Peer 1: 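This is the structure, below, for whatever I ask next.
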Amino acid sequence: MTSIGQYIVSVSATAFFFGIVNSFVNHGPNRQLIKMVCGAYMLILVASPVFRITPVDIFDAYKDINIEAREYVSEGEIMAETEYRAIIKAEIKQRIADMFPHNNNIEIDVHLESENDFPEFVTIRGNFSEEEKNILTEKIYLDLGIPAEDQLWTE
Amino acid sequence: MNQIYSSTFLPEISIIRCVNIVAPEVPESGKRLMPQVDNWIEGFQLILHDVIPLLIPDLQTAAQICVALISCVVLVSLMRSFSAKVNRIAVISAVVVIIGALMRTTNALIGLGTRTITDMTEYGKLLLPVLTAALAAQGGIGKSAALYSATMIFLILLSKLIQKVFMPGVYIYLASSISAAVSEEPLLKRMKEFIKNGTVWCLKTIMTIFVTYVSITGVISGTTDAAMLKTTKTVISSAVPIVGGILSDASEAVLVSAAMAKNAAGIYGLLAILAVFLTPFLKLLCNYLLVKITAFICTIFDCKNLNDLIEDFSGAMALLLAMTGCVCLMILIGTVCYLKGVE
């Protein structure tokens, strides 16, 4: 509001000054010329706020906004990608855990491929017999496409 | 960025995994009216219910001023009927009284309008990035970028124009009206008409261009996004049966949760904007209507200059209403476009 106040004061003061000038030259020979100069100056002064917003400012602002837009979009994409991978990992862990209905003491860690989010390798911690391991290795391969060499079984 | 978790608006989502979308906190000026509900209609009704008692003190003050104005015009009319000589002095005195009565209110309303526009613009600058990220998470990559750019550039342009051009314009409009009331100079009348018509024309043009641009870009980019999403989903689920199914389900879950979170944040944003906007807008509207009615009543007493002056004060309030309304409408339209999502 300070700038608005300054603007009003400058317009009013100039109008007052030109009013006095015009009253002095009211009957002089250069009356028309002085009136014209005063009028032109007043017009520029009144319209001065419009000139402060230049097209360059708008174009610069548009460029910045486009950059911002891309940043926010990539933020959203990253957010979605993170959640997407978390859901896939949780689902695969759950599927593997369902293959051991009688064994509650297992820990499963899934690693996904960075490009297409397919399961790359899996680490399974727990106590299993050799026979169980063989059956489950095959099952994990058939169901989830993780080959035996990418399955790490630890105790 | 000043944000809060909009957990009140995400009661169901908070128990499942979802994209972490947060709506910006409602500005201080809107906190009093902000309803604590997650339903748009209910929230809107609550805001309307709470806003009416806030208007009563302003309405009473405005009514008192209007009665004073009518008394002043009646007095001048009576004086003129007794003696034609006092005409000029009486009119000038009445102009001074009208300025004294209305200028304070108008000045306060201009301040209120400016603050409201600033609050709404600042809130819009916080809300739009959140909705952009949410819409991008939902798969509307092209649409969100286009909507953000369009809404933001128009919002910045409009708020700058209002602060730097239209608000000083209102003061010049009032100055010309006051001068025109005591002087017979036709230039002053033309100047005030020019300012009023110019402001209204600019606001209308900006809003029309904004709505057209947003509609066109929204439809074009939205269609492209939707086509891309469908193709991706089909390719994944048909390529690898079990893992493909898991990936496809995960993709669906992310899209649904992002859409739910985006809608919750969007509705919170819409209600926040209305909570900020409605009180000043209705105050302006009440004052505008009362001054307009006063001007209408004053026409009976045949004091054209005074009548025009009162009418011009109502015109200044109408300009403020238009400016505040345009900024609010722009943010609301932008937010609703985000809520529409990817189809």
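All figures in this text were calculated on a predicted structure; none of them were measured in a lab. Proteins come first, then strands; the chains are lettered A, B, ... in the order of their sequence lines, and each starts at number 1.
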Peer 1: Rounded at 0.5 Å granularity, tell me how far CD in A/Glu71 sits from OH in B/Tyr148.
Peer 2: 9.0 Å
Peer 1: Check A/Ile65 against B/Ser149 and note the closest heavy-atom contact, atom names and distance.
Peer 2: CG2-CA, 3.6 Å
Peer 1: Above 12 or not: heavy atoms from other molecules or residues under 6.0 Å from CD of A/Glu149?
Peer 2: yes
Peer 1: Specify the closest pair of heavy atoms between A/Ala69 and B/Ala145, including all atoms of both residues, with the distance to one decimal.
Peer 2: CB-O, 3.9 Å
Peer 1: Evaluate whether atom NZ of A/Lys133 has more than 12 neighbouring non-hydrogen atoms of other residues, nucleotides or ligands under 6.0 angstrom away.
Peer 2: yes
Peer 1: For A/Gly76 versus B/Ala136, what's the shortest heavy-atom pair and its separation?
Peer 2: CA-CB, 4.2 Å
Peer 1: Calculate, to the nearest 0.5 Å, the distance between atoms CG and CE belonging to A/Asp64 and B/Met152 respectively.
Peer 2: 11.5 Å
Peer 1: With a 4.5 Å heavy-atom cut-off, do B/Leu247 and A/Phe118 have their side chains touching?
Peer 2: yes
Peer 1: Does the side chain of A/Asn66 reach to within under 4.5 Å of the side chain of B/Ile153, using non-hydrogen atoms?
Peer 2: no
Peer 1: Look up atom CG in B/Asp249 and atom OH in A/Tyr84, then write down how far apart they are to the nearest 0.5 Å.
Peer 2: 10.0 Å
Peer 1: Considering only heavy atoms and a distance below 4.5 Å, find which of B/Ile156, B/Ile172, B/Leu128 pairs most often with chain A.
Peer 2: B/Ile172
Peer 1: Going from NZ on B/Lys125 to CD on A/Glu68, what distance comes out if it is rounded to the nearest 0.5 angstrom?
Peer 2: 9.5 Å
Peer 1: Measure the shortest side-chain to side-chain distance between B/Ile246 and A/Arg95 over non-hydrogen atoms and say whether it is less than 4.5 angstrom.
Peer 2: yes
Peer 1: Taking C-beta and beyond as the side chain, do B/Ile141 and A/Glu77 meet within less than 4.5 Å on heavy atoms?
Peer 2: yes
Peer 1: Determine the minimum heavy-atom distance between A/Tyr72 and B/Thr132, stating which atoms define it.
Peer 2: CB-CG2, 3.9 Å
Peer 1: Take atom OH in A/Tyr141; do more than 12 heavy atoms of anything else shown fall under 6.0 Å from it?
Peer 2: no
